[in-house]
Amino acid sequence: MPVIPINYYIFLSLALFTIGIVGVLTRRNAIIIFMCIELMLNAVNVLLVAFSKMHHVAAFATDRATTVGTEAQLFVFFIMVVAAAEVTVGLAIIVMLYRNIHSVDINFLNRLKH
Amino acid sequence: MITMDLLAIDLAYGLEKLLLIGGIITVSLIVAMYTTYAERKVAAWMQDRRGPNRAGPFGLLQPVADGLKLFFKEEIIPLTSNKTLFVLGPALAMVTAMLTSAVIPWGSSINIFGRDVSLQIADVNIGILYVFGVVSMGVYGIMIGGWSSNNKFSLIAAVRGASQIISYELAMGLSLIALLMMTGSLSLKTIVQQQMEGGWNIIYQPLGFLIFLICVFAECNRTPFDLPEAENELNFGYHQEYSSMKLGLYLFSEYVNMFISSAVVSTLFFGGYDIPFVDEAALSLSLGANTVALLGFGALFAKILFFLFLFIWVRWTIPRFRYDQLMDLGWKKLIPLALANMLITALVILWLNK
Amino acid sequence: MASLTNRAKVLEQKPMSFMERLYLPAIFKGMAITFKHMFKKKATINYPEEKRPFSPVFRGLHVLNRDEEGRENCTACGLCAVACPAEAITMEGAERKTSEEHLYREEKYAAKYEINMLRCIFCGLCEEACPKDAIYMSETFAPSNFTRKGFIYSKEELLIPNPVTDKEKYDIAKGMREAQLKNK
Amino acid sequence: MHINEILFWFLTALALFSAMMVVFSKNPVHSVLWLIMVFMAITGHYIIMNAQFLAIVNMIVYAGAIMVLFLFVIMFMNLNAESEPQKSKWMKFAAVLSGGSLMLILIAALKDNDGFISSMRGEGSIGLIKNLGKVLFTEYVVPFEISSILFLSAMVGAVVLAKKESSTIVS
């Protein structure tokens, strides 16, 4: 039976998370930064699902009718819900930003003072 | 030894599925081909004309001729376009159009060489959600194609198309929820089997069917909702800069989409491969299971052909919506209607269970 | 504002009833209409195989006539050119020599006879003006051409085939019109 | 190697490569498309872990709705590679360095695990819509309703933000 160690998933998730962080730090385009935040959220999602599965596998060995791990997947579901809400508002803000300062460069946000 | 056995079964299983996939792709391509022919023919008949009748008997080779023409045309990629995405657009449109066919049950199982071969590529228990997932991917074919052409008409058409598809996806999903509350399953196969026993869903969900049908029209970019390709406003729509077979793929994917959505509508509301007024179980005793399965496929096919005709029929009857009317219909009429339908269905289900 | 004539009609814009606002009945009605049209008689014909019969008064391309012996009827009197409102006809007369009696019926004949089909409006006045029954209009259209020059038809192009040397073609050219007149 | 392991490595490579491309591609539209690829790869991972519902929701919500919004915004702003502002090389280097060190620390902290994920038949039923729905509408019904209110407020917020411009023009 194929067995994938949980460590692999942890590494994958960490790598995705770090790439997201690097993106937030290196880019100046507000939309790309926003996208990198989405990437970080997804890295967490992967980790949650992996942990849910791991716990389920462990519990399944003793109890065939176990529902251990459902909560983690629901967490992921709620994270997606929050992400969707966040994107609607966030993009609306970015669009407003663009209308006001004609740029999405975060270095020019100080123009909003004028 | 056990692993060898597993491998052997896997191989045969894989082969069977591969053949099925190949068959379905071939069938849907051929049907799409002849839908273009039917479109021109029916349009002609409805306008008291004869339609294409030069290529082959009754013009039956017309789609082949059209295809050949597209293949031999010069391939033009605009200089200022984004080359990769320009090529990716039509490919995506075609792939997403074909992907949906994976979860549609094209018939019950056929027994070949002692093996029960299910006429469904994948019976996943989230069948309908899969359909929605793929449909939501379909937006990208349009958007990428429209944007990468670097033409404002294409871009406007692409944005129109994308917002239309996204808007109508909502009403589509909501109209289906009422149906799913009745069936209690997302698997299309289960839904068909329930309809075989309890009658077609159209009887219980006429309003849901109507909303779903309207949304399907909008999702396929067909008249009255063909705003993305409104010739007189946007020249030609999001595929304006395309030529040769890339244009062909876009036009073709529209017809494949029509075919697949007809299959989805027939499966969800018209009993799928259920032969009307016939008890399949009794029939299979007298005719054999394989014949009945083939007959069932024929029944599904007949339903699909009817819906394809409906698509064409509506196209040559109803004029195009204005864009604000389209959005008005989607957001202010269909979504509340779908919600009301959902509520009523829920109440009836509760009342019946009491 | 007072109207000038009192004939202006006040348009009544009733709000649509519920059934009308549903649009569905109207849509079904429209679909029934288009469906009915599927079984109606087709207005188009398969052109090269099937041809629509010309009307007996159809005025097509000009033909210069010959008599039974194959002599040209035209005597270059110029009445057709005068009658032509579009001034499409030009001609040059010439005197018949004694050796040419089998070619031309009268003593004078048209050495040059040209009709500009781009100018011609196919009114048929030339046909009516001709005292010698030399020009009449057939049931063929002027075929397409690449140059303007190609539309100026010379006498050789306008003349009907000779009934003596080329009987078959003459019959064809002659017969179509007569068959039609008979059918009437 | 079993098919699941092959898929795991393939999807992991795809996800990481696409994520890199999200950060490093100059054209914002390309970034969006690469991010869609990341989400597709993650959807694939969910399918391997038999979290079918999450897989399909990930596809519909993230790839199908959220990324279309991003694409919309970017296409309308007409942002292309030329207008993309760039940070200085040193800033980039520092960012990559700090990101890398964060990753190293996190890996060092989390590497001592002996759990595993297998794909035995019958044990993966928690990811199915039936079980998730049961828990969602019994134990988690209050958060579910609250999330719907969150959505409503987000929608109202977005509309208000988008409307603001026209009101300033009027005034």
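Sequence lines set the chain letters: A, B, ... in the order given, protein chains first and strands last, and positions in each chain run from 1.
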Nearest-0.5 Å distance, CZ of residue D:F72 to CD1 of residue B:I166 = 5.0 Å

Expected contact set for residues 129-146 of chain B against chain D at heavy-atom separation under 4.5 Å reads B:L129, B:Y130, B:F132, B:G133, B:V134, B:S136, B:M137, B:V139, B:Y140, B:M143, B:I144

Contact class of B:S163 relative to chain D, heavy atoms under 4.5 angstrom = both

By residue number, those in residues 173-182 of chain B with heavy atoms under 4.5 Å from heavy atoms of chain D are none

Which pairs with one or both residues in residues 148-180 of chain B pass ring pair (Phe, Tyr, Trp, His ring centres under 6.0 Å), sequence neighbours excluded?
-> B:Y168-B:F225

Other residues, nucleotides, ligands: >12 heavy atoms within 6.0 Å of B:L79 CG = no

Is the count of non-hydrogen atoms from other residues, nucleotides or ligands lying under 6.0 Å from D:M103 atom CE greater than 12?
-> yes

Within residues 82-92 of chain B, residues adjacent to chain D where the heavy-atom gap is under 4.5 Å | B:N82, B:L85

Which portion of D:M40 sits near chain B, non-hydrogen atoms under 4.5 angstrom | side chain

Got more than 12 heavy atoms from elsewhere within 6.0 Å of OH, B:Y323?
-> yes

